[in-house]
Amino acid sequence: MHGAGSGSGHGPSHGHSHSHGPAAPVSRHLRKVIAAILIPFGAAVLVGLVVLWPGGAPAHERTGVGFDRQTQQATVTKVVSVNCASVNASGDAPTGDTSTAEGSSAQQQASGTCKRATIRVDTGSDKGRTFTEIVQPDQSRQLEQDEKVVVAYEPSAPKDLQYSVTDVNRRIPMTVLALIFAVAVVVVGRLRGVMALVALAISFMVLNFFVLPAILQGSNPLVVAVVGSSAIMLIALYLCHGLSARTSVAVLGTLISLLLIGILGSLFIDWAALTGNTDDNTGLIHGLYPSIDMSGLLLAGIIIGSLGVLDDVTVTQTSAVWELHEANPAMGWRGLYRAGIRIGRDHIASVVNTLVLAYAGAALPLLLLFSIAQSSVGAVANSELVAEEIVRTLVGSIGLVASVPVTTVLAALVVSADRPSSGKAPATAPEVIPAASVGTTASGTAQARGGRGKRRKR
């Protein structure tokens, strides 16, 4: 069975390393079994999309708080330096302790140099209108001439206070960064990279046009997340990796892992009494849409957040098992599983660390505040803000760890069940071996077997 491979050195293994799909298709019986599982699942996802599809985000009265404000694009046309004492509302010098942050800020506002910025509105019905804004010396954001900014509009305020600068316009640097990312993906990934970008765009469309509006309209966040993430999974995996048994096994592994994440997430969110309403943004959402289940929204976020990493793990494990089978078709499913799980252990060690560090990086300012307050580890972990991130991280990590053995055993069972149908290739191998080398190959094989036998005796 291995005669052709041993006679050609490393040639076949080199060819396998560049394969972009299964070398041999699975049997018709296995295709039917996989289709019997995935077609009903795909149909259920499609029905869920149709039933839960929203007509768009419901309208509401703007509160003018946080992100819920009318905004326009603007440009800083002029910046001049002025004495803070002449422009601040209070001209009295502070008499408090200047060693504190408040005292130091008051001192700078009384005796420091401020900036008077003139801003021109560039969009909306007030296009061309200008207003002025005083920038304090201790403000983190200092305006510069010709800088593009975002301004908030409050129609109920006095006319000279209706506009205020809220942020810097970052569209150009963000667009350039996105283009660099797209070019890098296409240059390295080629056609696969193009398909990955298309799948990424579709994922954003599903989130923007289905998941978010459906939740805002009052649908159960968990059901919406399951349907939306399933649709993203099916589209992304099949679009990027092709309609094949290999991809179907990865889909099944991802689906089982997502189910585990959903069950564990629901259990521990309830047990830990996590409300999902922990900051200003979630509080604003709850205030605008009281009917939204915030704990369900937290669970939906865990499921969607875990999906991207799960895809990576399941596709990698499935491909590894397939390549192992191609390298040694005689290997049974147990051998394939043992070899595949060794690869998976290395992968999961790095992926879990990546996931934990990603969440820790996102919560770094919060962790820094706890460090400043010199809170104990137990007190920090018990606070809802941090407990929410811990549950999110650990539940997602458990799903990732479970996806390795689940996907590996599924892939091993599928490819090993195909051994009879793939037995044709070895039968034709002697035909391509030159007659002069048959004896040499046979004797070499016998010596190799004899050598292995001697090693066993030792």
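Side-chain atoms are counted along with the backbone in the values below, which use heavy atoms only and exclude waters and symmetry mates.
- Residue-environment remark: CG (Leu179) exceeds the threshold of 12 foreign heavy atoms within 6.0 Å.
- Note that CG of Leu52 is 10.0 Å distant from CD of Gln217, once rounded to the nearest 0.5 Å.
- With Val47 as the partner, the side-chain contact (heavy atoms from CB on, under 4.5 Å) test is satisfied by one option alone out of Val51, Val45, Leu49: Val51.
- No option in Ile215, Val224, Leu222 other than Ile215 meets the side-chain contact (heavy atoms from CB on, under 4.5 Å) test with Leu297.
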Using atom types as modelled, flag every donor-acceptor pair under 3.5 Å from a side chain in residues 249-267 to any protein atom, sequence neighbours excluded.
unit_1: Thr254; atom_1: OG1; unit_2: Ala250; atom_2: O; d: 2.8
unit_1: Thr254; atom_1: OG1; unit_2: Thr314; atom_2: OG1; d: 2.9
unit_1: Ser257; atom_1: OG; unit_2: Gly253; atom_2: O; d: 2.9

Steps toward side chain to side chain contact (heavy atoms under 4.5 Å, CB included) verdict (Asn277, Glu384): CA-CA 9 Å; Asn277 188 2; Glu384 186 170 2; over 6 Å; no
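- The number of heavy-atom neighbours closer than 6.0 Å to CZ of Phe204, taken from other residues, nucleotides and ligands shown, is 12 or below.
- In this structure, CD1 in Ile232 is found 6.5 Å from CG in Leu307, a value given to the nearest 0.5 Å.
- The nearest pair of heavy atoms linking Glu147 to Gln142 is OE1-O, 4.0 Å.
- The number of heavy-atom neighbours closer than 6.0 Å to CZ of Arg334, taken from other residues, nucleotides and ligands shown, is 12 or below.
- In this structure, the side chains of Arg392 and Leu298 come closer than 4.5 Å at one or more pairs of heavy atoms.
- With sequence neighbours excluded, the residues satisfying salt bridge (Lys or Arg N to Asp or Glu O under 4.0 Å) with Arg141 are Asp167.
- Between the CD atom in Gln72 and the CG atom in Asn169 there is a gap of 12.0 Å [rounded to 0.5 Å].
- Rounding to the nearest 0.5 angstrom, the gap separating the CG atom in Leu46 from the CZ atom in Phe41 is 12.0 Å.
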Report all side-chain donor-acceptor pairs from residues 393-406 shorter than 3.5 Å, counting only partners two or more places apart or in another chain.
unit_1: Thr393; atom_1: OG1; unit_2: Glu389; atom_2: O; d: 2.8
unit_1: Ser397; atom_1: OG; unit_2: Thr393; atom_2: O; d: 2.8
unit_1: Ser403; atom_1: OG; unit_2: Leu400; atom_2: O; d: 2.6

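- With sequence neighbours excluded, no residue forms a salt bridge (Lys or Arg N to Asp or Glu O under 4.0 Å) with Asp293.
- A distance of 6.0 Å separates CE in Met331 from CG in Leu324, rounded to the nearest 0.5 Å.
- For Pro54 against Ala214, the heavy-atom pair with the smallest separation is CG-N, 3.5 Å.
- Here the side chains of Val150 and Gln73 are in contact, with some heavy-atom distance below 4.5 Å.
- Listed by first then second residue, pairs satisfying ring pair (Phe, Tyr, Trp, His ring centres under 6.0 Å) with a partner in residues 245-284 read Phe268-Trp271, not counting sequence neighbours.
- When the ring pair (Phe, Tyr, Trp, His ring centres under 6.0 Å) test is applied to Phe210, the partners found at least two apart in sequence or on another chain are Trp53.
- Using a 4.5 Å cut-off on side-chain heavy atoms (C-beta onward), Val79 and Glu144 make no contact.
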